[in-house]
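If you're wondering where the values come from, they're calculated on a predicted model, not measured in any experiment. Side-chain atoms are counted along with the backbone in the values below, which use heavy atoms only and exclude waters and symmetry mates.
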Amino acid sequence: MAADLPSRQYVAPVAVPPAFTWTGFYVGANAGYVWSENRSRYSYALTNPADFADFNALALVPQSLGRNGNGFVGGGQIGYNYQIDRFVLGAEADIQYLDGRQQSSWSRTLSDAVGTATVTTTARSSIDWLGTVRARAGYAFDRTLVYATGGLAYGRTKDASSIIPTGSDDDGPFQGLWTGRKAGTRAGWTLGGGVEYAITDNLTLKGEYLYYDLGRTKYVLSGFSTDPDDEFLGATVRRKTSGSIVRAGLNWKFSTF
């Protein structure tokens, strides 16, 4: 009877892998595409303001100049996520190089019985680099995270304009040059969203869209003309700096803290 008793053997429990969590610090790199459509608006000054109606009717200078800037964007990021059930809260900071230089020109020629005048107006702008400090809030579907993000944006911008008149009238040939520029670091805001997927417990891949707005800048065009009858005194230029970024990135997530 003892020989027929069932044997008792120890069976080890099956190991259950820990559930994936988004909690932890991460660092990464990204690259993508930036595009923007910006417009410089001009407010002109004349010796006699009463002549503005005739000045505007000649249309030798634009009221505004618009231009597009498209190019490469790339950089790195660092951040931290904290997961509560399926909700993920976090913060991220990044710094980017942007290749989005912009330039546009306007040229008009006027001829009458007195003489001929050609005026060329040019506007140029660029962003050397762009950084953001953002909050992130999302919802996790296991290894897939859908999130919204927004916060501070800042960057170094350069803006310049020139107005060059040339021609001749009853006083003879004339030419002029009116220029102005402004460069510096500006701050604004950014808003966007993205999707991130955990390829492994440590490596994640993301796609992201950001809209940024660095506000408005203002500078003055000053210069000269050799035409003694020229009433033009220069201009004030106002420009808004904004754009959109679409990028992909890889993050390395460190062990959960």
Side-chain angles (χ1 to χ4, degrees), residues 31-46 52 55-56 58-75 93-108 118-134 150-166 175-192 209-225 230-247:
Y33 190 74
V34 58
W35 72 93
S36 59
E37 181 178 352
N38 296 301
R39 183 164 294 275
S40 294
R41 302 186 182 278
Y42 297 86
S43 299
Y44 299 103
L46 301 178
F52 263 113
F55 175 79
N56 291 332
L58 293 175
L60 282 172
V61 289
Q63 297 301 310
S64 65
L65 276 180
R67 54 205 179 277
N68 297 324
N70 309 308
F72 169 81
V73 59
D94 63 47
I95 192 76
Q96 312 288 308
Y97 163 78
L98 280 79
D99 182 18
R101 294 177 178 85
Q102 306 165 341
Q103 178 171 318
S104 57
S105 296
W106 168 292
S107 186
R108 292 292 185 272
T118 298
V119 181
T120 301
T121 304
T122 303
R124 297 174 297 277
S125 62
S126 65
I127 304 179
D128 292 339
W129 52 265
L130 178 73
T132 71
V133 179
R134 295 171 284 108
L152 171 70
Y154 59 96
R156 178 173 176 79
T157 65
K158 295 178 181 177
D159 297 281
S161 283
S162 64
I163 299 176
I164 302 175
T166 60
Q175 61 183 2
L177 176 62
W178 306 82
T179 63
R181 65 182 61 240
K182 189 170 186 178
T185 301
R186 297 162 57 187
W189 57 272
T190 182
L191 189 66
Y209 167 81
L210 290 178
Y211 175 83
Y212 65 87
D213 187 330
L214 298 181
R216 300 179 184 275
T217 188
K218 180 175 72 173
Y219 58 98
V220 174
L221 302 187
S222 58
F224 72 95
S225 173
D230 196 343
E231 297 184 15
F232 189 71
L233 297 178
T236 299
V237 186
R238 295 174 174 84
R239 190 180 82 87
K240 180 180 179 181
T241 301
S242 60
S244 296
I245 294 173
V246 173
R247 61 189 182 183

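- Between T241 and R216, the closest side-chain pair of non-hydrogen atoms is not below 4.5 Å.
- Residue pairs satisfying the salt bridge (charged side-chain N to carboxylate O under 4.0 Å, His left out) criterion with at least one member in residues 183-192, sequence neighbours excluded, are listed as follows: D159-R186.
- Listed by chain and number, the residues in a side-chain contact (heavy atoms from CB on, under 4.5 Å) with T122 are Q103, S105, T120, R124, S162 (sequence neighbours excluded).
- Aromatic rings of Y42 and W106 (six-membered ring for Trp) have centroids beyond the 6.0 Å cut-off, not under it.
- A donor and an acceptor atom, one from each side chain of Y212 and S244, are nowhere located under 3.5 Å apart.
- Minimum heavy-atom separation, Y97 to D128: CD1-O, 3.8 Å.
- Residues F224 and W178 place their aromatic rings such that the two centres sit no closer than 6.0 Å.
- In this structure, the side chains of I163 and F232 come closer than 4.5 Å at one or more pairs of heavy atoms.
- Side chain to side chain, Q175 and T166 fail the donor-acceptor criterion of an N or O pair below 3.5 Å.
- Taking the side chain as every heavy atom from C-beta outward, Y33 and N70 approach each other to under 4.5 Å.
- Under a cut-off of 6.0 angstrom, the local environment of CZ in R108 is crowded, with over 12 non-hydrogen atoms contributed by other residues, nucleotides or ligands.
- S242 and S36 get closest at one heavy-atom pair: O-CB, 2.9 Å.
- For the residue pair D230/S225, the side-chain donor-acceptor check at 3.5 Å is satisfied.
- Nearest heavy atom pair, residue P165 against residue L177, reads CD-N, 4.1 Å.
- The shortest side-chain heavy-atom distance between K158 and I127 does not fall under the 4.5 Å cut-off.
- The two residues R181 and Y219 make their nearest non-hydrogen contact at N-CD1, 3.7 Å.
- Y154 places a side-chain heavy atom less than 4.5 Å from the side chain of W129.
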Checklist entry - Taking it one step at a time, do T121 and S161 satisfy side chain to side chain contact (heavy atoms under 4.5 Å, CB included)? => result CA-CA 7 Å; T121 304; S161 283; 5.8 Å; no
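- Here the CG-CH2 distance, from D213 to W189, works out to 5.5 Å after rounding to the nearest 0.5 Å.
- Note that CG of L65 is 10.5 Å distant from CZ of R41, once rounded to the nearest 0.5 Å.
- Put simply, the side chain of L46 does not reach to within 4.5 Å of the side chain of L233, judged on heavy atoms.
- Counting heavy atoms from C-beta on, the side chains of R247 and L210 come closer than 4.5 Å.
- By the 30° and 60° cut-offs, the orientation of the rings of F52 relative to F55 is perpendicular.
- Between the side chains of T185 and R156, no donor-acceptor pair is found at a separation under 3.5 Å.
- The distance from the OG1 atom of T179 to the CD1 atom of I164 is 9.0 Å, given to the nearest 0.5 Å.
- Here the closest heavy-atom approach between residue G131 and residue I95 is recorded as CA-CD1, 3.9 Å.
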Item to check | Audit row: R134, L152, side chain to side chain contact (heavy atoms under 4.5 Å, CB included) steps and yes/no | outcome: CA-CA 6 Å; R134 295 171 284 108; L152 171 70; over 6 Å; no
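- T190 contributes atom OG1, which lies 7.5 Å from atom CG of L130 (distance to the nearest 0.5 angstrom).
- Shown here for R239 and R39, the closest heavy-atom pair between the two residues is CG-O, 3.6 Å.
- Scanning for side-chain contact (heavy atoms from CB on, under 4.5 Å) contacts around V246 gives W35, Y209, with sequence neighbours left out.
- Side-chain contact between T217 and V237 is absent, with no heavy-atom pair separated by less than 4.5 Å.
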